[in-house]
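Working notes, beginning with the structure itself.
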Amino acid sequence: MSEEKLPTRKENFAEWYNQLVLRADLADYAPVRGCMVVKPYGWALWENIQQALDHRFKATGHVNAAFPLLIPQSFLEKEKEHVEGFSPELAVVTIGGGEVLEEPLIVRPTSETIIGYMYSKWIKSYRDLPVLINQWGNVVRWEMRTKLFLRTLEFYWQEGHTAHATAEEAQEETLRMLNIYADFAINDASVPVVAGRKSSAEKFAGAASSYTIEAMMGDTRALQSGTSHNLGQNFAKAFNIQYLDQNNELQYAWTTSWGMSTRFIGAIIMTHGDDQGLVLPPRLAPIQAVIVPIYKTEAEKASVMEAVERVKAQLINFRIKVDEREEVTPGFKFNDWELRGVPLRIEVGPKDVEKGTVAFARRDIPGREGKSFVPQTQLEAQVAEMLQTIQASLHERARNFRMENTHNPADYAALQEVVQAGWAFSWWCGSPECETKVKDETKATTRCMPLEQPGGEGPCIVCGKPSTEKVIFARAY
RNA sequence: CGGGGUGUAGCGCAGUUCGGCAGCGCACCGCGUUUGGGACGCGGGGGUCGGCGGUUCGAGUCCGCCCGCCCCGACCA
């Protein structure tokens, strides 16, 4: 560790983030500009995210499969809006096996096209529907400005692709998956999110409508943390996904796609992290509790380690790490594990051996207030309860922060002001002109029209025309 | 791609003004003392000074060209 302290979030949020990712051992820069290496600790976090999502996907009838990385260039061109949206950021393979390829291959930026092609082969009858497939994989988008986890040339994600017989079913699926993302974010990651619909300017290239979960980061900027798209019949028509219905009539299928990426790790970092470093939600933390033995003499070490073994034995149902390093002091270890975001630290020292206790230190409450002494018995229940408490308090704190920084500006001048350090929740007439004006003058974009609306109507915050829907304006990552 | 900055040990930097043995802090290795909030002492290893070319007895330092990276802008999960 070259410097001991991180920059504070207040003095430099961007730098705080960069250093935290590196020093918490989540990821490192790869030799290719814009690419990252996800290190074992970061990947363990991702694996826990994967597991939490995958359970939910399976529970709603989805199955996993794998589609290829390389896509014929012509596929991208079949859906007009899709190709326009993605062309600027494609990586193209033009040479293979030393020969210039007859048709260049695209490194997938997303897989709607190749999956659409396959679905057209697989789907013949209404009996084949719905098709509910997900894949875990990586994609490449040639981004200009990159940032670890938030925006890299290559990133890891899951993309679900489904096909349905009716528009209604497709819409249901789109919202079902949006809700799964929201449920995961709130309950497993303690990241409060707003579920809503994207404006047409912000929607996925080729979608009929896009939905998002938006989270507020510690600097009040918004982060799109997961998306679900109703693709209508756009891709079905482009790829000829047709089936015979009960009346023996040929119909185009209705498709959806939905994804959540390693970007969500960025959401966790920027939602919960503090000036000491990372703060991980217990349900996703690779290490839920770290045990730090404390001793001076060999005799103390023997009795402490014996107590540590007893403590550890009670906690086999948790992800536990015993920090047995001899070359660093306990004080160093405290700071080290705080930097890495471990939710609970359990200290075992000579005084604990004597008194039959251990010391708990909660990561979400730094310093003395977060410490408590508990008996060495019934530790499983006590740890479970403490982790649950931390899980809930992280969510509550983040939710309060979002509410404190979400404003209801009275007029356009007030909107310009509030979006510099918060979200604005305002009536909007839905016109691209008003949306663009806000973007040009404040750098804030429409994040979503939340599914939960107050109802009624009000004047558009920009042009004053009567409107029936409220939207979130915010500066976003 | 436009604007700005920067390249010297793994990281952070000094040395460049005015050419003359390539250094400091952290990290790393060894030994010893330490250990309930980022320990200390002693000893050690590690360098195409971003690259190529030029000027010079001599270039990290001066000149030219090239390259990388970072920050700020337009696009995105």
Side-chain angles (χ1 to χ4, degrees), chain A residues 1-6 12 14-15 18-19 22-23 28-34 84-90 109-110 138-147 149-159 181 198 201-205 207 210-215 222-229 257-267 276-277 292-298 300-301 304 323-339 345-355 357-359 361 366-368 370-371 373 439-440 443 445 447 476-477:
Chain A
M1 237 124 297
S2 47
E3 308 114 272
E4 295 193 339
K5 286 243 176 217
L6 287 169
N12 192 343
E15 194 48 34
N18 289 337
Q19 287 194 25
L22 296 173
R23 290 174 54 184
D28 200 356
Y29 293 101
V32 176
R33 182 192 65 81
E84 282 171 5
F86 280 105
S87 286
E89 49 187 76
L90 296 179
T110 178
N138 56 342
V139 288
V140 168
R141 300 179 186 180
W142 213 264
E143 298 289 347
M144 285 313 185
R145 288 196 55 205
T146 62
K147 193 165 172 131
F149 291 117
L150 297 180
R151 199 185 302 105
T152 46
L153 289 200
E154 181 188 18
F155 59 88
Y156 302 87
W157 74 345
Q158 60 67 218
E159 45 178 327
Y181 289 146
K198 283 287 185 188
E202 297 287 329
K203 79 175 172 59
F204 176 74
S210 286
Y211 296 82
T212 175
I213 53 170
E214 296 284 327
L223 182 74
Q224 178 173 310
S225 304
T227 48
S228 185
H229 313 291
S257 67
W258 26 275
M260 188 177 264
S261 73
T262 39
R263 171 180 254 197
F264 195 79
I265 292 174
Q276 309 304 315
V292 179
I294 298 157
Y295 48 80
K296 288 193 181 73
T297 64
E298 280 301 312
E300 280 177 353
K301 179 180 177 183
V304 163
D323 189 348
E324 296 182 77
R325 284 178 291 177
E326 301 272 3
E327 67 277 16
V328 290
T329 61
F332 180 90
K333 293 177 183 179
F334 298 169
N335 287 286
D336 196 33
W337 293 111
E338 281 168 13
L339 176 65
R345 181 177 73 243
I346 302 173
E347 302 168 18
V348 183
K351 290 178 208 162
D352 297 299
V353 171
E354 198 180 305
K355 291 187 282 187
T357 58
V358 300
R368 186 158 301 193
K371 277 212 186 186
F373 295 89
K439 185 174 180 178
D440 290 347
K443 290 175 190 160
T445 51
R447 300 321 304 153
Y477 278 99

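Numbered from 1 within each chain, the chains take letters A, B, ... in sequence-line order. Side chains included, hydrogens not; waters and symmetry mates left out as well; all remaining heavy atoms used.
Qualifying salt bridge (Lys or Arg N to Asp or Glu O under 4.0 Å) partners for A/Lys371, counting only residues two or more places apart in sequence or in other chains: A/Glu347. Contacts of A/Trp337 classified as ring pair (Phe, Tyr, Trp, His ring centres under 6.0 Å), with partners at least two apart in sequence or in another chain: none. Taking A/Asn335 as the reference, A/Glu338 meet the side-chain contact (heavy atoms from CB on, under 4.5 Å) condition, with sequence neighbours excluded. In this view, A/Phe155 and A/Trp157 satisfy the ring pair (Phe, Tyr, Trp, His ring centres under 6.0 Å) rule, not counting sequence neighbours. Applying the side-chain contact (heavy atoms from CB on, under 4.5 Å) criterion to A/Glu300, with sequence neighbours excluded, gives A/Tyr295, A/Lys296, A/Thr297, A/Pro350. With sequence neighbours left out, the side-chain contact (heavy atoms from CB on, under 4.5 Å) criterion links A/Glu354 to no other residue. Under the side-chain contact (heavy atoms from CB on, under 4.5 Å) criterion, A/Ser225 pairs with A/Ile213, A/Ala215, A/Leu223, A/Phe264, A/Ala267, not counting sequence neighbours.
Separation of the C1' atoms belonging to B/G45 and B/U6 is 29 Å when rounded to the nearest angstrom. Remark: the separation of the C1' atoms in B/A59 and B/G51 is 15 Å, to the nearest Å. As rounded to the nearest Å, B/A27 and B/A22 have P atoms that lie 27 Å from one another. Comparing B/C72 with B/C66, their C1' atoms sit 25 Å apart, to the nearest whole Å. Atom name C1', nucleotides B/G25 and B/C62: the rounded distance is 30 Å, in whole Å. Rounded to the nearest Å, the gap between the C1' atom of B/G46 and that of B/C52 is 26 Å. Going from the C1' atom of B/G20 to that of B/G60 covers 13 Å, rounded to whole Å. Comparing B/U16 with B/U55, their P atoms are spaced 25 Å from each other, to the whole Å.
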Nucleotide N/O to protein N/O under 3.5 Å, stretch nucleotides 74-77 of chain B:
from, atom 1, to, atom 2, distance (Å)
B/C76, O2', A/Glu143, OE2, 3.3
B/C76, O2, A/Arg151, NE, 3.0
B/C76, N3, A/Arg151, NE, 3.1
B/C76, N3, A/Arg151, NH2, 3.3
B/A77, O3', A/Gln224, NE2, 2.4
B/A77, O2', A/Arg263, NE, 2.9
B/A77, O2', A/Arg263, NH1, 2.3
B/A77, N6, A/Thr152, N, 3.3
B/A77, N6, A/Thr152, O, 2.8
B/A77, N3, A/Ser261, OG, 3.4

Between the protein and nucleotides 32-37 of chain B, are there any N/O to N/O pairs under 3.5 Å, and if so, what are the atom names and distances?
from, atom 1, to, atom 2, distance (Å)
B/U35, O2', A/Tyr295, O, 3.3
B/G36, O6, A/Gly349, O, 3.2
B/G36, O6, A/Pro350, N, 3.0
B/G36, O6, A/Lys351, N, 2.6
B/G36, O6, A/Asp352, N, 3.2
B/G36, O6, A/Asp352, OD2, 3.4
B/G36, N1, A/Asp352, OD2, 2.5
B/G36, N2, A/Glu347, OE1, 3.0
B/G36, N2, A/Asp352, OD2, 3.2
B/G37, O6, A/Arg345, NH2, 2.6
B/G37, N1, A/Glu338, OE1, 3.4
B/G37, N1, A/Glu338, OE2, 2.6
B/G37, N2, A/Asn335, OD1, 2.9
B/G37, N2, A/Glu338, OE1, 2.5
B/G37, N2, A/Glu338, OE2, 3.3

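Across all strands shown, B/C40 is found opposite B/G32 as a Watson-Crick or G-U wobble partner, with both distances under 3.5 Å. Of the nucleotides present, none pairs with B/G47 by Watson-Crick or G-U wobble criteria with both distances under 3.5 Å. B/C24 is paired with B/G12 under the Watson-Crick or G-U wobble criterion, all donor-acceptor distances under 3.5 Å. The partner of B/G64, taking Watson-Crick or G-U wobble pairs whose two distances both stay under 3.5 Å, is B/C52. Under the Watson-Crick or G-U wobble criterion, with both distances below 3.5 Å, B/C76 has no partner in any strand shown.
Taking the six-membered ring for Trp and the full ring otherwise, the centers of A/Phe149 and A/Tyr477 sit at least 6.0 Å from each other.
In this structure, A/Lys333 contributes its side chain and A/Val292 its backbone to no donor-acceptor pair below 3.5 Å.
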